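Comments concern the structure below.
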Amino acid sequence: MIYVLKRVLQLIPILFAITFLSFAMMRLAGSDVVEQKMLNTGQVVSDAQLELAKEELGLNHPFYIQYFRWLGNLIQGDMGVSYVSGKDVFETFKSKLPATILLTVTSILLTVLISIPLGVISAVFHNRLIDYIIRFFSFIGNSMPNFFVSLLLMYLLAIKLDWLPVISREVSAESIIMPTLTLAIAMSAKYLRQVRTTVLDELSKDYVVGAKARGVRFSATLIFSVLKATLVTIITLLALSIGSLLGGTAIVESIFMWDGVGKMAVDAITMRDYPIIQAYVMWMAIIYVLVNLITDISYRFLDPRIRLGDKKS
Amino acid sequence: MKKLVAMMLALTLTAATFIGCGSAKDKADERKESSQVGTKSFVFGDTTFNSENEEATIDPHDTYCGWACIRYGVGETLFKFNDNMELEPWVAESYENVDELTWKITLKDGVTFSNGKAVDAKIVKDCFEDLIAKHERAKGDLAIDTIEADGLELTIKTTTPKPTLINYLCDPYGCIIDVAEGNNNGIVVGTGPFVATELVTDDHLKLVKNDNYWDGDVKVDEVTVLTITDGDTLAMALQNGDIDAAYGMAYASYPLFSGDDFSFSSTATSRAFYLQMNYNSDVIKDDAVREAIALGIDKEGFVNTLLNGYGYVGQGAFPDSFPFGKGVNAKSYNPTKAKEILETAGWVDTNGDGIREKDGKPLTINWVSYPSRQELPLLAESAQSTLKEIGFDVKLNVTADHGTIVSEKTGWDVYAAAFVTAGIGDPMYFFSTHCLADSTKNRGGYSNATLEEMATEMNSTFDTDKRNELAIKMQQQIIDDDAFVFCSFLRMSMISKSNVTGLVAHACDYYELTADLDIK
Amino acid sequence: MKNKVKFQLSASFVILIIVCALFAKYICPYDPYEQDLSIAYQAPSMAHLMGTDAYGRDMLSRVIMGGQVSVLSTLALVAIISIFGTAVGVICGYFEGKIDFVVMRLSDLCLAFPGLVFALAVAAILGGGIVNAIIALALISWPKYSRLARGLTLSIKESSYIAAAKLAGDNAFQLIIRHIVPNIIGPIIVTATLDIGTMMMEIAGLSFLGLGAKPPVAEWGSMMSNGRSLLQTYPWVVLSPGIAIFTTVVIFNLFGDRVRDEFDKK
């Protein structure tokens with residue numbers, strides 16, 4: 001319990017640093033967002049209108065005042081309003097987060113469903129034809145940028161075969177398939193190799209050989225001992241994939257018009273909508289840090305070696 | 001044996017993965033059929049209905065949201081433009097210019113809001129007063145002093161002479177809405193054929209038929225307008241049948257819709273793609289350089305190849321289908337002549353690198369533009385290549401941050417941009433915003449005394465023919481000075497499935513969904 | 001023996017790619033920036049093996065030129081992060097104490113942001129451009145190397161040969177260069193070669209989102225992004241750079257695997 005408390009306390013300076021960095025980074029950019037957005041519409045604005053708009057957004061104050069204001073507001077749950085839509089940033093973020101979380105969860109599930117069985121098969125049939133085939137596909141999947149995969153899937157499944165809708169405008173079983181597949185293909189390719197390595201390692205251990213000698217059925221050994229032992233590896237993979245997924249969704253969400261925070265961030269970047277970018281960077285970092293914390297803590301309960309050993313092991 | 005078990009284990013897990021996908025085909029069919037049964041519903045994909053374009057809602061009194069209000073058939077203005085950008089009655093019947101400062105507008109009898117309320121002068125007055133209280137740009141454009149309402153008669157007095165007041169009232173911000181209904185999450189009540197029921201910014205707008213529509217029967221029962229910012233997704237969505245019609249399709253996707261399954265409605269608009277020269281730059285100040293640039297743009301190639309023919313080669317500031325756009329003569333692509341002019345002016349390639357120099361300075365120009373209009377990056381890359389041929393070294397900076405760059409006096413030479421030059425059907429709009437000494441968008445510091453004189457004359461001219469004539473002279477002046485180069489005009493197209501009728505593209509780009517819209 | 005052949009084979013492919021990238025200018029059959037609107041959108045033919053794009057530019061030449069940008073910028077990125085990260089890690093591991101604390105907290109901070117999220121933010125601030133994309137990715141990737149190098153340094157610091165070298169009068173700098181770096185370089189090289197493919201895809205990803213290389217610069221990610229809408233009408237404009245990036249990543253990944261096998265053997 002003391003360990004958990006210690007880890008939670010360690011979180012405070014990190015959270016502080018994240019908020020500071022998120023703010024400072026966005027203010028460094030310093031582009032003239034007001035004029036920018038007015039020009040985008042191809043219409044005329046007078047200097048007076050421009051000044052007025054700037055004042056409304058508080059952009060005419062020096063850096064440190066903007067920062068302290070922002071921090072004060074942040075504590076009260078107010079992250080300002082979007083420069084572009086004029087809507088509350090935190091509300092916007094909150095409304096789009098569930099879609100991203102859903103996509104993340106389905107992708108992880110699919111990854112687990114693909115990478116564990118294929119990884120196990122690959123290990124059990126080590127250096128046999130099926131192992132080579134699986135490794136070949138894993139290699140391919142690992143070498144395709146996800147935007148390329150997205151385009152090919154879209155072309156194939158939505159246009160050529162006409163199975164799925166192109167735009168994921170509402171959350172439904174069919175609209176989540178393509179974005180999930182795209183994300184899961186790349187991750188599965190990577191993780192099935194690690195599952196394979198872990199299982200291979202485990203299979204060569206004495207207890208497996210011993211079990212075989214004792215006449216224990218292989219399937220039982222596989223399911224009850226080997227897979228259990230690989231659980232730590234799998235959890236590590238899941239935690240790692242959260243990090244790459246939270247970022248990776250940005251590209252996939254924008255391609256498939258999945259209305260989550262990733263698409264929101266990419267749109268905000270092209271429009272230089274700093275409050276939105278800020279909220280995105282900050283909350284993604286916080287979520288990531290929290291997920292890592294939970295993973296670290298769960299290790300201690302899963303793996304006695306870590307629980308008993310010191311930190312360096 | 002052990003292999004078999006491992007195999008089974010793996011297969012079960014893998015199979016579970018695909019359960020969701022199995023029935024996808026049936027669902028796809030269902031999805032398409034459901035839209036056919038019973039009510040007629042229409043799904044429209046639009047790339048521009050988003051907060052980046054300042055169309056976060058459909059409230060015309062807020063930024064550029066009026067565009068959405070009028071396009072999707074919620075609001076209507078007092079008058080509207082025909083394809084020659086001439087005024088026609090709409091909610092109003094007629095107008096009379098009593099004196100320089102006074103306008104009398106007579107409303108149509110029998111126009112009602114979608115909530116059933118009749119439109120009278122009092123309601124219009126309330127609407128305009130709310131507009132100028134909330135909308136800075138409208139307040140400046142209209143210069144309204146007082147409004148009087150009497151039955152169907154509306155009298156507007158302006159603070160300064162406004163020959164184009166009626167035109168300005170046709171800007172989308174002039175949509176007549178019932179302000180007493182307020183603004184319900186961005187949804188307003190107008191007089192148009194459709195009634196908004198649900199709005200999610202940057203995502204979609206749901207509309208239903210206005211049963212009380214004053215001008216005929218509305219044929220479609222439900223409309224969904226989807227914001228699809230990505231042109232590629234838009235194309236696939238139309239092919240796939242997710243949407244019935246699309247606005248803002250990328251040119252490169254046009255060939256996909258050339259078959260019988262789809263139909264196009266296209267029209268010339270006054271959205272010009274033009275170059276603005278920076279007179280603060282030493283290189284550009286040189287008359288020969290500007291002239292060579294004007295001669296070095298392959299307008300035909302740009303329009304015919306890069307825009308797939310969906311555009312019009314520009315001469316003056318307005319398309320020649322407009323009464324004030326005819327008879328302007330601009331330079332056409334002539335690299336040989338451009339080379340001669342540069343040669344005579346002393347720009348010679350002395351070191352053999354293909355780039356001309358004068359007094360040891362290379363002929364380098366910084367070309368600034370932005371990517372949010374798909375034509376501009378194409379124009380930039382095309383110009384870079386054709387100008388290189390002549391001996392220019394063109395440095396491209398196509399960035400969303402263009403505003404900051406061109407607000408500086410130096411650091412840029414040529415600015416390529418898009419602008420709706422005759423948005424309100426009047427030519428003076430472009431000159432007063434771009435070409436005069438005090439214009440806010442005269443970024444390059446261009447000035448010409450003759451032009452200023454003509455502008456003063458224009459401001460006190462109320463006769464339309466006279467104004468058109470002046471406008472043509474003014475265009476010729478800025479083109480002869482090579483202060484602006486008009487490369488092309490947008491040929492705006494809406495593409496729909498062939499069973500959609502009544503979806504017609506308009507020159508002013510304001511009107512899209514009307515009562516005529518139908519699905520056969 | 002068989003492994004050695006595999007290693008040599010994949011290494012020669014890698015060298016081939018790097019040579020192509022370095023001498024792209026001389027290999028291109030046409031000028032990759034030369035436009036000719038009269039031959040726009042030509043399908044692959046003997047004259048233009050990969051067809052032409054919207055401006056009538058030869059796709060093969062653009063893909064070769066794009067290789068220069070993509071491959072060289074990826075190699076530069078991996079070189080920067082592995083050298084810088086390792087140097088920082090070795091210094092932290094060797095001296096420990098305050099420097100170590102500060103640098104490790106800094107790396108904690110960089111690692112607190114999920115990879116691409118941080119890169120997106122940096123790209124948003126710096127604006128587009130291939131150099132900025134490299135900076136963004138470098139900022140998020142160096143901690144991996146410094147942590148690895150630090151851990152390795154810590155583990156060999158106490159070994160007897162280091163103690164012996166110390167007794168022989170080597171100063172810290174000599175110790176690091178002569179004894180520590182040569183002993184930890186293996187895993188670093190393996191990590192770096194395995195990273196090349198991933199980094200190449202990330203640079204392309206940023207370019208695809210419009211945050212990396214900008215047109216007309218030939219770069220695979222931005223070429224694909226610009227040609228996206230042509231997938232159905234003129235597929236070669238999208239597929240050529242797509243296949244190029246895929247093949248290159250495959251070759252570098254294969255090479256990375258072989259390098260790892262080589263070091264594992266030792």
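The structure displayed is predicted, hence computed values, not measured ones. Below, chains carry the letters A, B, ... as their sequence lines are ordered, and counting in each starts from 1.
In this structure, chain B has heavy atoms under 4.5 Å from both the backbone and the side chain of C:L37. Within the 4.5 angstrom heavy-atom criterion, only side-chain atoms of B:L306, from C-beta onward, approach chain C. With a 4.5 Å cut-off on non-hydrogen atoms, B:F302 touches chain C through its backbone but not through its side chain.
Looking at residues two or more places apart in sequence or on another chain, you find a side chain to side chain contact (heavy atoms under 4.5 Å, CB included) between C:A47 and C:Y30, C:S45.
The stretch residues 49-85 of chain C participates, sequence neighbours left out, in these ring-ring contact (aromatic ring centres under 6.0 Å, His included) pairs: C:F84-C:W142.
Ring geometry for C:Y26 against C:F23 counts as tilted: the plane angle lies between 30° and 60°, on a 0 to 90° scale. The aromatic rings of C:Y41 and C:Y234 lie parallel to each other, with less than 30° between the two planes, well short of the 60° mark.
The candidate with the highest count of non-hydrogen atom pairs below 4.5 Å against chain C, out of B:D298, B:L378, B:N304, is B:L378.
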